[in-house]
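By convention in this document, chain letters (A, B, ...) are assigned in the order of the sequence lines, proteins followed by strands, and residues within each chain are numbered from 1.
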Amino acid sequence: MSKATLHIVNNLTRQKEVFTPINDGFVGMYVCGPTVYSDVHLGNCRTFVSFDIMYRYLLYLGYKVRYVRNITDVGHLLDDGEDRMAKGAKAEQLQPMEVAQKYANGFHHMMQIFNTKRPSIEPRATGHIIEQIEMVQQIIDNGFGYEANGSVYFDTLAYAKEHPYGELSGRVIDELKAESRDLKKQGDKKHPSDFAIWMKADDSHIMKWESPWSLGFPGWHLECSAMSTKYLGETFDIHGGGNDLKFPHHENEIAQNKASCGCTPARYWVHTNMLLMNGKKMSKSDGNTITPQQLFSGESEHITKGYSPMVVKFFMLQCHYNSTLDLTDGGLQAAEKGYYKLMDAYRALTQLTSTSESGSDDEKLNGMLDTVVTEMSDDFNTPKALAKLFELVTEVNKYKENISDIRNVGSDTLDKMKKIFFDFLFDIFGLTEPGQEGNSDKLDGLMSLVIDLRAQARDQKDWPTSDLIRDQLAELNIVIKDGKDGTNWTVKNS
RNA sequence: GGUCGCGUGGCCGAGUGGCUAGGCAGAGGUCUGCAAAACCUCGUACGGCGGUUCGAGUCCGUCCGCGACCUCCA
């Protein structure tokens, strides 16, 4: 099967480019993972779902992909300079590593709920202190870092003489200087735009390591530079993360890599956009927030009911990863219906059979099927791919209802249609069928018995009995639909 | 204030120079014991103003509104 050429919007060049991996057939992808100091944020879920779909699509295209997603368990400072991990530990009276484990577990559980694939490698910052110290030393040796009072800073001015600093985020060093007027706050730094790559720990710090400069800990940006180099090489294909990480995190990551080895770490920089709620940033302080659990259970003032993880995922898929997505109750309700419509059509499609070698509808259907792939290859455009699938849903339903004649579809075309639907819904989008876990053989047998009994009642025009069965089943989230060719049933998730 | 981005029909959300996005909701119809589902038909939208162009939602300018980021161990 010929796959369309993959195009990716590269934030480094701000252009849509043809994706060409460094090594033919192989892709190295690094995505900045979560800092595990509290429960995973719904916005994080969107980011990692988006990259999971890119990962899955690259696999679908036949690439051998090494997908590295780190876990940050040290070095990510808060505004007040306190380590996020240390703060979490203090608040819960736990060891920092206990905090990291607790929330890493929670994060993994949530990723499982959203049915994302595990990365190939999931390195932790604390497990790569040696690599980070080595990188700091290299940066110093190359003349791009300096020590002051036990801490080491990245010398952005020295760096800017040889490399452009700010190429990813569009920032200019002079402007950064102008912004930071309070020189008292600059401490040991030579220039306001310099940033710490090793920090000396004070006595109260729990997480600290020996280094040539001090007992301390690495700067936040350093871990990704060190770990991506270790597992993907000095230059790899794709680097991803939320677009809030563009500056300073990714900008500094690029600077560190260039300063240590002289090369740009990744060729394609991809950023996911933010998830809003009711048009505004999710924020705990003003109450405009919802946890994934609340979203699933419906226990929140922002929604009228609970939505299953797959409905939430489908909702995310209807929006391109590069656009802000506004989470609203109305939007979720629409997504829920769309998701069931798509899944119902998929099930109907699997029931269709054709004995024709070829048919008059083949050309049209093949064209639509190819477009699904083309759209997805255009910067992972899930909403456009979904739109095409929905056009095919209409065609499938016409065959199901005998409005169109299935004999006009060749068996090869029908097989291709089944394959594209299966590949996109399950392999690429990573959706699961609603109520799948409950559909055992016994339930199937039981339901066909119930439906037979109800059919007898209907034959005798015993509508009260017929409706009673339907209503009682509805209470159990089993929905009955009387079609021309008999009665179908589906289990709804929520 | 600076950097980046956004503003599309009732709602969500694609599209980036001429071609139907799609989903949900709504109206009418087919089918039907009723309901649901499914199918058909229907909305002709692109923040305001100005400009470029044969032609702009799509490019440029400007204004308005919205969002993200603007780190440093104080």
> Does the base of B:G5 carry an N or O that pairs as donor and acceptor with the side chain of A:T324 under 3.5 Å?
no
> Is the shortest side-chain N to carboxylate O distance from A:K258 to A:E167 below 4.0 Å?
yes
> Should the pair A:Y159 and A:Y165 be assigned to parallel (<30°), tilted (30 to 60°) or perpendicular (>60°) ring geometry?
perpendicular
> Atom CG of A:N402 to atom C1' of B:A38: distance rounded to whole Å?
12 Å
> Give me the distance, rounded to whole Å, that separates B:G55 from B:G13 when you measure between the P atoms they each carry.
33 Å
> OP1 or OP2 of B:A25 sitting under 4.0 Å from any side-chain N/O of A:K337?
yes
> Rounded to the nearest Å, what distance is computed from the NE2 atom of residue A:H221 to the P atom of nucleotide B:C70?
10 Å
> Paired with B:G26 by Watson-Crick or G-U wobble geometry, both distances under 3.5 Å: which nucleotide is it?
B:C42
> Do NZ/NE/NH1/NH2 and the carboxylate oxygens of A:R347 and A:E433 come within less than 4.0 Å?
yes
> Has the side chain of A:R470 got a donor or acceptor that lies under 3.5 Å from a partner of the other kind on the base of B:A36?
no
> Taking atom C1' in both B:U58 and B:G47, what distance in whole Å separates the two?
15 Å
> OP1 or OP2 of B:C39 less than 4.0 angstrom from a side-chain nitrogen or oxygen of A:S404, does that happen here?
no
> Is there a donor and acceptor pair closer than 3.5 Å between the side chain of A:D462 and the base of B:G33?
no
> If I pick the P atom on B:G57 and the same atom on B:G67, what distance separates them, to the nearest angstrom?
27 Å
> Taking the P atom of each, how far is B:G2 from B:U71, in whole Å?
16 Å
> Rounding to the closest angstrom, what is the interatomic distance between B:U8 and B:C59 at atom P?
15 Å
> Taking the P atom in each of B:A27 and B:C66, what is the distance between them to the nearest angstrom?
35 Å
> Determine: side-chain N/O of A:K341 to OP1/OP2 of B:G22, distance under 4.0 Å, yes or no.
no
> For nucleotides B:C54 and B:G65, find the distance between their C1' atoms and express it as a whole number of Å.
34 Å
> Can you see if the side chain of A:K246 gets near the phosphate of B:C70 - specifically, an N or O under 4.0 Å from OP1 or OP2?
no
> Is the Lys NZ or Arg CZ of A:K190 less than 6.0 Å from the centre of A:Y146's six-membered ring, within 45° of the axis?
yes
> Any side-chain N or O of A:T394 below 4.0 angstrom from OP1/OP2 of B:C39?
yes
> Determine if A:F390 stacks with B:G23; use a centre-to-centre distance below 5.5 Å and an interplanar angle below 30° as the criteria.
no
> In whole angstrom, give the distance that lies between atom CD of A:E395 and atom C1' of B:C40.
13 Å
> How are the rings of A:F154 and A:F195 set to each other: parallel, tilted or perpendicular (split at 30° and 60°)?
parallel
> Rounded to whole angstrom units, what separation is found between the CE atom of A:M274 and the P atom of B:C6?
15 Å
> Using atom CG of A:L325 as one end and atom P of B:U8 as the other, report the distance to the nearest whole Å.
14 Å
> Taking only side-chain nitrogens and oxygens of A:N381, does any of them come within less than 4.0 Å of OP1 or OP2 of B:A21?
no
> Indicate whether OP1 or OP2 belonging to B:A68 is found under 4.0 Å from a side-chain N or O atom of A:N243.
no
> Write down the partner of B:G61 under the Watson-Crick or G-U wobble criteria, each distance required to be under 3.5 Å.
B:C49
> Relative to the 5' end of RNA chain B, which residue comes earlier, A:Q318 or A:G338, by the nucleotide with the nearest heavy atom?
A:Q318
> Which value, in whole Å, describes the distance between the P atoms of nucleotides B:G26 and B:U20?
26 Å
> So, the side chain of A:S260 versus the backbone of A:Q256: is there a donor-acceptor pair under 3.5 Å, distance only?
yes
> What's the verdict on ring-ring contact (aromatic ring centres under 6.0 Å, His included) for A:Y346 and A:F426, showing C-alpha distance, side-chain angles and the deciding distance?
CA-CA 11 Å; A:Y346 170 72; A:F426 306 115; 5.0 Å; yes
> Hey, does A:K200 reach any base, or is it just sugar-phosphate, or nothing, if we go heavy atoms under 4.0 Å?
nothing
